[in-house]
Amino acid sequence: MSRYNPNEIETKWQARWEEEKPFAAVDNEDKPKMYLAEMFPYPSGAGLHVGHVRNFSIVDALTRFYMQNELNVLRPFGYDTFGLPAENYAIKTGIPPQEVTIENIDNFRRQAKRLGFAIDWSREISTSDPEYYKWTQWCFLQLYKKDLAYQAESYQWWCPVDQTVLANEQVENGHCWRCGSEVEKKKMKQWFFRITAYADELLDEIDALDWPEKIKVMQKNWIGRSEGAEVEFGVKASDEKIGVFTTRPDTLFGATFLVLAPEHPLVSKLVNDDTRRKVDQYRGEAMKKSEIERQENKEKTGVFTGSYAINPATGAEMPIWVADYVLMGYGSGAIMAVPAHDERDYEFAGKFELPIIKVIEKPENSNDDEACYSGEGKLVNSGVFNGRQSSEVREEMVAWIEGQGWGEKKVTYRMRDWLISRQRYWGAPIPIAYDKDGKVHAIPEDQLPVVLPVIDDYTPDNSGKSALAKHPEWTKVMVNGEEMTRETDTMDGYACSSWYLWRYCDPHNKYQAWDPKKVNYWAPTDIYCGGDHAVAHLLYIRFWTKFFADEGLLDFREPVKKLLYNGYINALDGKKMSKSKGNVIDPLDIVNQGYGADTLRTYELFIGPYELDAAWDTKAIGGVYRFLNRCYNLAFGDDTKCYKISARAVEVMRYKTIKKVTEDLRRNSFNTAVAALMEYVNGLYKDEYSSEDLIVLAKLMKPFAPHLACEILEKLEANDVWPEWDEKYLVEEMVEIVVQVNGKLRARVDVAAEKTKDVKELEAVVMADEKVKAQVGGKEVLKVIVVPRKRLVSLVVK
RNA sequence: GGGCGAGUGGCGGAAUUGGUAUACGCGGUGGACUUAAAAUCCGCUUCCCUUGCCGGAUUAUGGGUUCAAGUCCCAUCUCGCCCACCA
């Protein structure tokens with residue numbers, strides 16, 4: 001008798017798949033299609049980790065399931081290769097990222113193949129390949145042509161030691177988080193994609209998406225639409241006007257002062273000789289703080305400018321203050337303060353003794369704060385609007401404000417335009433050049449790609465430009481017969497991943513980014529699986545879809561039908577796996593220890609619901625190996641145990657298992673599908689099974705353990721077509737009926753199946769049972785509830 | 001502070017529409033096989049009382065609806081995630 005040797009079986013089948021290419025997808029075939037993809041990985045030097053394997057195994061199980069269901073399936077694979085690790089490695093070693101990337105890809109590919117994933121390898125792509133980023137640059141130019149890619153000045157945090165831009169989150173107490181040196185604010189001209197042009201559509205279409213609720217909420221929060229009005233306040237003894245955004249125009253009569261953000265450009269015009277010094281000092285301090293710091297300290301601070309505005313509704317004078325609780329980046333950078341109905345304004349008014357006027361009556365049944373009530377209610381002190389309900393009168397008041405010429409209806413968004421400039425070497429160069437007057441010119445499409453040159457030193461300098469700027473031979477370019485200078489910034493890596501799902505459909509097209517006919521056949525992606533990028537990537541890809549649909553190059557407006565957001569795999573102690581903690585599990589180690597790829601993959605699907613984080617358990621993997629070993633032994637062990645015909649109970653179990661595994665795969669419940677297969681195998685060990693049972697077992701386990709499944713199917717000379725079940729085979733001869741008396745389970749009665757169909761007959765059989773009689777004990781039966789479908793009879797006894 | 005989600009054995013988890021709570025696996029434990037070990041196979045394994053039966057308790061806590069609640073409703077506690085001075 002042979003022993004289960006996973007590595008022998010797996011290398012045999014992997015060689016065959018390499019040779020026969022059974023996973024190659026056929027474009028435009030007249031068959032229902034299914035397009036599945038995982039979020040493509042960044043190929044790090046460390047190789048695949050167990051998190052990748054979980055992600056890929058989910059997609060693989062579904063890929064094989066739909067292939068066995070005879071759909072036309074596309075499951076491609078690629079690499080998100082631009083990024084900081086390869087560049088930092090290049091700075092340290094001088095080895096070009098191009099070389100390191102190729103090594104890392106080779107390693108990832110080798111590992112993915114060793115795990116036996118059903119990938120169409122002919123469609124492999126890499127974002128740092130000039131053949132790929134040529135078209136990323138082309139996408140940029142399409143956005144540029146439609147004014148959706150534009151340049152703007154913006155303040156960035158700059159570390160003079162690391163010579164790089166820092167994100168707000170990377171500045172602590174005015175110091176660089178890495179080296180501790182004091183950071184500067186640097187005004188830099190940056191490229192942006194105008195994602196806000198699609199803000200409404202991006203928001204409105206979220207509800208209809210078959211995506212996890214958590215992701216949908218995050219995207220909604222991120223876009224952050226608020227509806228309200230922009231109201232202009234005249235400044236006393238001046239021609240200046242101050243525009244403020246408010247979501248509560250109904251509280252206009254209660255606005256008693258204005259507050260401007262420290263960065264607000266009008267502040268310098270509002271100060272006088274008495275207030276200038278104090279205001280300037282306050283502004284200086286506020287500008288030094290990072291936004292994080294400004295938000296951490298919630299104690300209100302501020303200074304009076306010396307000027308007054310006029311409330312147009314009441315004619316009252318409103319002192320104008322400067323305070324850092326008002327943010328320049330939102331709305332107009334100025335607010336009308338309504339201290340009676342806004343907690344922040346209330347706190348500020350209390351601290352600086354500013355007037356508070358109540359304009360909304362708190363309903364009597366409300367438990368909210370009396371002094372500062374931010375809910376809805378009847379208006380008071382509001383002229384003609386007195387007595388009206390605040391929520392109802394809001395739109396009317398906006399119309400009134402518009403009619404008076406004081407302002408207009410306005411919608412604002414929390415989402416900013418997408419800053420895509422990076423002062424880094426290892427990204428797709430922005431395909432732009434500047435003439436001698438500094439005017440912007442697009443690189444003509446026939447001059448793409450703008451190839452990233454291999455250079456000798458990748459270290460950035462303090463010019464705020466990438467290392468490319470130090471290469472005049474590269475930056476010099478002829479555009480339309482004129483000598484120009486190239487843009488030396490590269491694009492955010494998220495630009496490269498914003499269209500790769502379409503490139504997969506037409507990966508080798510030399511003349512187009514994609515052929516719309518091919519993309520419209522495969523896309524939108526039916527199932528997209530990943531465990532990261534809840535907002536950024538998944539929002540950007542939606543933005544580009546809408547844009548290219550408007551361009552007529554796609555005939556759908558949402559890129560992903562169903563999103564599976566899988567959880568992380570943590571170390572045994574529940575902590576994140578990391579090299580520094582030394583708790584990393586290398587998936588290939590598990591394979592090579594003798595467990596094999598089938599065990600690893602099945603284990604990672606059995607570990608728990610796919611959407612939850614899970615803790616790696618080195619011992620539990622042995623249980624999955626034992627399961628596969630039992631499968632092997634059924635097929636390749638003692639043939640005399642395999643009967644011509646299955647026992648009746650086994651046959652019923654076979655169909656039950658087909659139903660359970662099919663339904664579980666349809667609802668992505670991989671862990672329970674594996675459990676059902678384990679139960680089935682345990683059942684086969686205990687009763688008379690036939691080769692039909694083994695064929696069904698192999699077919700059902702193929703999505704999880706494809707190598708062993710193929711080995712078994714080959715021996716039994718069977719195909720892998722997904723088996724079907726018929727409800728009529730699920731009927732057992734005897735049915736156990738559960739009897740509850742006064743809500744407690746008191747008896748189990750075996751009843752012939754045909755007697756359970758009729759409610760009256762079932763009741764009679766159950767009531768005649770000795771044990772039931774004993775439980776009832778001659779007492780009066782008040783009520784009998786018979787639920788044949790649930791195999792249950794519930795008695796209410798006096 | 002606001003929003004959302006979760007809480008089930010020693011552990012990971014199952015229970016899909018309100019209908020047998022604890023499937024499946026790990027761990028533990030007893031046995032078979034073996035000179036022995038490993039591997040494999042077969043039991044037992046929520047807790048309490050009990051040799052066993054019978055019985056009782058149990059899905060974070062407290063209440064409620066129902067013939068019936070892990071599941072629905074209310075309150076409380078704990079944890080997780082997201083947002084957060086966004087006007």
Side-chain angles (χ1 to χ4, degrees), chain A residues 1 3-4 212-222 224-226 228 244-248 251 255 258-259 261 291 294-301 323-327 329-338 341-345 347-348 374 412-415 534-535 572 603 606-609 611-624 626-627 629-630 633 637 660 663-664 666-667 669 671-682 685-686 736-748 782-787 789-797:
Chain A
M1 181 174 133
R3 259 180 64 91
Y4 177 41
E213 213 47 46
K214 151 176 109 161
I215 309 293
K216 287 161 69 161
V217 168
M218 281 167 77
Q219 294 215 347
K220 282 182 192 173
N221 285 340
W222 183 265
R225 175 162 68 194
S226 343
V244 309
F245 174 71
T246 178
T247 54
R248 293 295 301 271
T251 61
L258 295 188
V259 187
E291 276 184 40
R294 269 166 75 165
Q295 288 170 15
E296 263 169 10
N297 182 12
K298 306 231 166 144
E299 176 78 16
K300 295 280 175 295
T301 60
D324 67 2
Y325 81 94
V326 176
L327 309 173
Y330 186 77
S332 61
I335 62 153
M336 64 174 210
V338 184
H341 306 293
D342 182 285
E343 277 179 44
R344 296 152 300 181
D345 299 344
E347 197 192 325
F348 194 81
S374 55
T412 60
Y413 302 90
R414 207 188 72 99
M415 180 171 68
V535 173
L572 189 52
Y603 168 67
F606 183 61
I607 198 166
E611 73 272 21
L612 299 185
D613 290 353
W616 185 269
D617 184 349
T618 305
K619 277 181 285 190
I621 200 169
V624 174
R626 279 190 281 279
F627 159 64
N629 190 33
R630 282 159 76 83
N633 287 338
K660 172 80 177 148
E663 289 178 348
D664 280 355
R666 287 198 182 128
R667 66 188 180 106
S669 182
N671 55 330
T672 55
V674 175
L677 289 170
M678 288 172 166
E679 239 173 305
Y680 181 42
V681 167
N682 292 344
Y685 262 74
K686 290 192 182 84
E736 188 186 72
I737 298 293
V738 166
V739 183
Q740 293 178 352
V741 179
N742 289 342
K744 282 201 189 304
L745 193 158
R746 292 299 183 193
R748 297 166 192 274
L782 301 172
K783 205 169 176 185
V784 181
I785 295 132
V786 183
V787 192
R789 197 172 45 89
K790 302 281 185 183
R791 301 176 170 186
L792 178 135
V793 175
S794 184
L795 305 176
V796 185
V797 174

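Below, chains carry the letters A, B, ... as their sequence lines are ordered, and counting in each starts from 1. In what follows, every heavy atom counts, from backbone to side chain, and hydrogens, waters and symmetry copies are set aside.
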[N] OP1/OP2 closer than 4.0 Å to side-chain N/O of [X]:
{"X": "A:R3", "N": "B:U40", "value": "no"}
{"X": "A:Y325", "N": "B:A87", "value": "no"}
{"X": "A:R630", "N": "B:C42", "value": "yes"}
{"X": "A:R626", "N": "B:C26", "value": "yes"}

Which is true for [X] with a 4.0 Å heavy-atom rule: it touches a base, it touches only sugar-phosphate, or it touches nothing?
{"X": "A:Y685", "answer": "sugar-phosphate"}
{"X": "A:R666", "answer": "nothing"}
{"X": "A:A620", "answer": "sugar-phosphate"}
{"X": "A:E343", "answer": "nothing"}

Q | Flag, side chain of A:R746 to backbone of A:V739, donor-acceptor distance under 3.5 Å | A | no
How far does [atom1] of [X] sit from [atom2] of [Y], to the nearest 0.5 angstrom?
{"X": "A:R3", "Y": "A:N629", "atom1": "CZ", "atom2": "CG", "value": "6.5 Å"}
{"X": "A:D617", "Y": "A:I607", "atom1": "CG", "atom2": "CD1", "value": "7.5 Å"}
{"X": "A:W616", "Y": "A:Y603", "atom1": "CH2", "atom2": "OH", "value": "5.5 Å"}
{"X": "A:K220", "Y": "A:R225", "atom1": "NZ", "atom2": "CZ", "value": "10.5 Å"}
{"X": "A:S794", "Y": "A:K783", "atom1": "OG", "atom2": "NZ", "value": "9.0 Å"}
{"X": "A:Y413", "Y": "A:Y330", "atom1": "OH", "atom2": "OH", "value": "10.5 Å"}

Euclidean distance for [atom1], [N] against [M] (whole angstrom):
{"N": "B:C42", "M": "B:C49", "atom1": "P", "result": "32 Å"}
{"N": "B:A32", "M": "B:G80", "atom1": "P", "result": "49 Å"}
{"N": "B:A23", "M": "B:U40", "atom1": "C1'", "result": "24 Å"}
{"N": "B:U59", "M": "B:G52", "atom1": "C1'", "result": "29 Å"}
{"N": "B:G12", "M": "B:G27", "atom1": "C1'", "result": "11 Å"}
{"N": "B:C82", "M": "B:G63", "atom1": "C1'", "result": "31 Å"}
{"N": "B:A69", "M": "B:G19", "atom1": "P", "result": "11 Å"}
{"N": "B:A14", "M": "B:G25", "atom1": "P", "result": "15 Å"}

Q) For B:G52, does the O4'-C1'-N9-C4 (purine) or O4'-C1'-N1-C2 (pyrimidine) torsion place it in syn, i.e. within 90° of 0, or in anti? A) anti
Show the nearest heavy-atom pair for residues [X] and [Y], with the distance to one decimal.
{"X": "A:M336", "Y": "A:L258", "answer": "CA-CD2, 3.7 Å"}
{"X": "A:V784", "Y": "A:V793", "answer": "CG1-CG1, 4.1 Å"}
{"X": "A:A261", "Y": "A:V326", "answer": "CB-O, 3.3 Å"}
{"X": "A:V259", "Y": "A:F348", "answer": "CG2-CE2, 4.5 Å"}

Between [atom2] on [N] and [atom1] on [X], what's the gap in Å once rounded to a whole number?
{"X": "A:Y413", "N": "B:A87", "atom1": "OH", "atom2": "P", "value": "13 Å"}
{"X": "A:Y330", "N": "B:C83", "atom1": "OH", "atom2": "C1'", "value": "13 Å"}
{"X": "A:N221", "N": "B:G2", "atom1": "CG", "atom2": "C1'", "value": "10 Å"}
{"X": "A:L745", "N": "B:U22", "atom1": "CG", "atom2": "C1'", "value": "15 Å"}
{"X": "A:K214", "N": "B:G5", "atom1": "NZ", "atom2": "P", "value": "13 Å"}
{"X": "A:L677", "N": "B:C24", "atom1": "CG", "atom2": "C1'", "value": "11 Å"}
{"X": "A:E213", "N": "B:C83", "atom1": "CD", "atom2": "C1'", "value": "15 Å"}

Nucleotides 6-16 of chain B: which of its N/O atoms have a protein N/O under 3.5 Å away?
unit_1, atom_1, unit_2, atom_2, d
B:G12, O2', A:I607, O, 3.1
B:A14, OP1, A:N671, ND2, 3.2
B:A15, OP1, A:R667, NH2, 3.3
B:U16, O4, A:K660, NZ, 2.4

Q: Verify the distance criterion only: is there a donor paired with an acceptor across the side chains of A:R630 and A:N682 at less than 3.5 Å?
A: yes
Q. Going 5' to 3' along nucleotides 62-69 of chain B, which nucleotides have protein heavy atoms under 4.0 Å from the base (write B), which only from the sugar-phosphate (write S), and which from neither (write -)?
A. -----BS-
Please tell me which of the listed nucleotides, [options], lies nearest to the side chain of [X]?
{"X": "A:N682", "options": "B:A87, B:C24, B:U17", "answer": "B:C24"}
{"X": "A:K744", "options": "B:A87, B:A21, B:A57", "answer": "B:A57"}
{"X": "A:L327", "options": "B:A87, B:C24, B:U17", "answer": "B:A87"}

Q.
Stem list for RNA chain B, please, built from Watson-Crick and G-U wobble pairs under 3.5 Å and keeping only runs of at least 3.
A. B:1-7 with B:77-83, B:10-12 with B:24-26, B:27-32 with B:40-45, B:46-48 with B:55-57, B:60-64 with B:72-76
Q) So A:R667 and A:T672, side-chain contact (heavy atoms from CB on, under 4.5 Å) or not? Walk me through it. A) CA-CA 11 Å; A:R667 66 188 180 106; A:T672 55; 3.8 Å; yes
**Q.** Earlier contact from the 5' end, RNA chain B, for A:M218 and A:G331
**A.**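 Residue closer to the 5' terminus by nearest nucleotide: A:M218.
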Q) Mapping A:I335 and A:R746 onto RNA chain B by nearest heavy atom, which one lands closer to the 5' end? A) A:R746
Q: Can you establish whether the number of heavy atoms outside A:E736 located under 6.0 Å from its atom CD is more than 12?
A: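 Result for CD/A:E736: enclosed.
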